[in-house]
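Notes to accompany the following structure.
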There are 2 protein chains.
Amino acid sequence: MERELLLLGLLRQHEMHGYELHSFIENAMSTCVDLKKPTAYLLLDNMATLGWITVTEQRAGNRPPRKVYRLTAGGEAEFQRLLRANLASVVAVKFGGDVGLAFVDALPRAEAIGLLAQRRQALQGQLAESKAVPVHAGSFQFVIDHQVHYLASELAWVDKVIEQLCAT
Amino acid sequence: MERELLLLGLLRQHEMHGYELHSFIENAMSTCVDLKKPTAYLLLDNMATLGWITVTEQRAGNRPPRKVYRLTAGGEAEFQRLLRANLASVVAVKFGGDVGLAFVDALPRAEAIGLLAQRRQALQGQLAESKAVPVHAGSFQFVIDHQVHYLASELAWVDKVIEQLCAT
DNA sequence: TTTTCCATGTAACTCGTTACATGATTTC
DNA sequence: GAAATCATGTAACGAGTTACATGGAAAA
């Protein structure tokens, strides 16, 4: 339900059309959810059917016509419900990268350390990128801060693993 | 490819049948991947077709017959390839829980803090559980240690957010 | 004796993705 | 004039899940 929450939350701030929603999500919220274009359009259609949002066709000049979505009272209620549920609970995360770690002794120690050094470097690059993101408005900043916090924690973790592997 | 890596890695240690693989994954590796029973059987079939593993039917006493899977030389090669790729790269993680945070100002400050306190408590419970897991053999321990490290970091993060919300 | 565990599967379905189609408009 | 961007969609496909089916054995 995170995708619905996100779409409703964005539409709550001001009405938007599908393309706009999608591109905002792609470049500002890519750490939380990933939402392809066709999926976004489909979700918006579904939400319109449910009565959470209304659709208005707009055509400016000779541009391709836009479908502008606006939150309804029902949509606002749903948003509140989803928001409370999201804030109160922990969304589980799967660490696919741990599978390799579980079998790290299948490789020569030195090679394993080399490979993890590569992982470390990639992580460091991502951390630098996250730190370079300009400050966002309001509580959107939490999303960026969290990413920085998480990546720093992962970096420390990889260092700990490398250290342990070196020690033996 | 994490699922394949995991299955190959487990079969590398010793031959196993599908049910055994699935139940091990469910209770020891649930933090890395999630793999339902039908998916596990399907994956094993596919891997057999690819020649990574062989299948032998075994029937012990009057029990339901088992299909025992054993790694082939090709499977070992594939395992090595997948393992190196996994260790060297960062597997991206999506923080669905951040969507709520991005809209936290839609709620009265006090209520938001209350909801995050619930999240905090759930997190704390998970952390206690992870810490209570008995020590595993070899590098499987990394998986547990990472979970503990991650949950502790998330707990600190939630505390920071709550603190920031209290301060305004 | 009824439930749980062992052990394997099939069939239907949902969700989401990829690839494609369309067409105007701005940028290089 | 070509490429990228704006703007919306459809159609085909695939991966994975749920629900169901089977049947013996052990435990409660």
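Residue numbering restarts at 1 for every chain, and letters A, B, ... go by the order of the sequence lines. Just so you know, these numbers come straight off a predicted model, no measurement behind them.
A straight line from CZ of B/R66 to P of D/dA25 spans 14 Å, rounded to a whole angstrom. Rounded to whole Å, the distance from CG on A/L21 to P on D/dC6 is 14 Å. Taking atom NZ on A/K67 and atom P on D/dT8, their separation rounds to 8 Å, with Å as the unit. Distance, B/F24 CZ to C/dC5 P: 19 Å, rounded to whole Å. Following rounding to the nearest Å, B/L44 (CG) and C/dA7 (C1') show an atom-to-atom distance of 13 Å.
In this structure a side-chain-to-backbone donor-acceptor pair under 3.5 Å is missing from B/T39 to B/L35.
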Which pairs of donor and acceptor atoms, one on a side chain in residues 159-168 of chain A, lie under 3.5 Å apart (sequence neighbours left out)?
| residue | atom | partner | partner atom | Å |
| --- | --- | --- | --- | --- |
| A/D159 | OD1 | A/R120 | NH1 | 2.6 |
| A/D159 | OD2 | A/R120 | NH1 | 2.8 |
| A/T168 | OG1 | A/R109 | NH1 | 2.4 |
| A/T168 | OG1 | A/L165 | O | 3.3 |

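Side-chain contact of B/E57 with B/H17: a donor-acceptor pair under 3.5 Å is absent, judged by distance alone. Judged purely by distance below 3.5 Å, without hydrogens or angles, the side chains of B/E154 and A/H146 pair a donor atom with an acceptor atom.
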Footprint string (nucleotides 11-23 of chain D, 5' to 3'): B base within contact, S backbone only, - free, heavy atoms under 4.0 Å
-----SBBB---B
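With ring centers used as reference points, B/F95 lies 6.0 Å or more from A/F142.
Around atom CD of B/E111, more than 12 heavy atoms belonging to other residues, nucleotides or ligands sit under 6.0 Å away.
Helix-axis bend for the helix from C/dT1-D/dA28 to C/dC28-D/dG1: the local axis fitted to the five terminal pairs at one end deviates from that at the other end by 40°, rounded to 10°.
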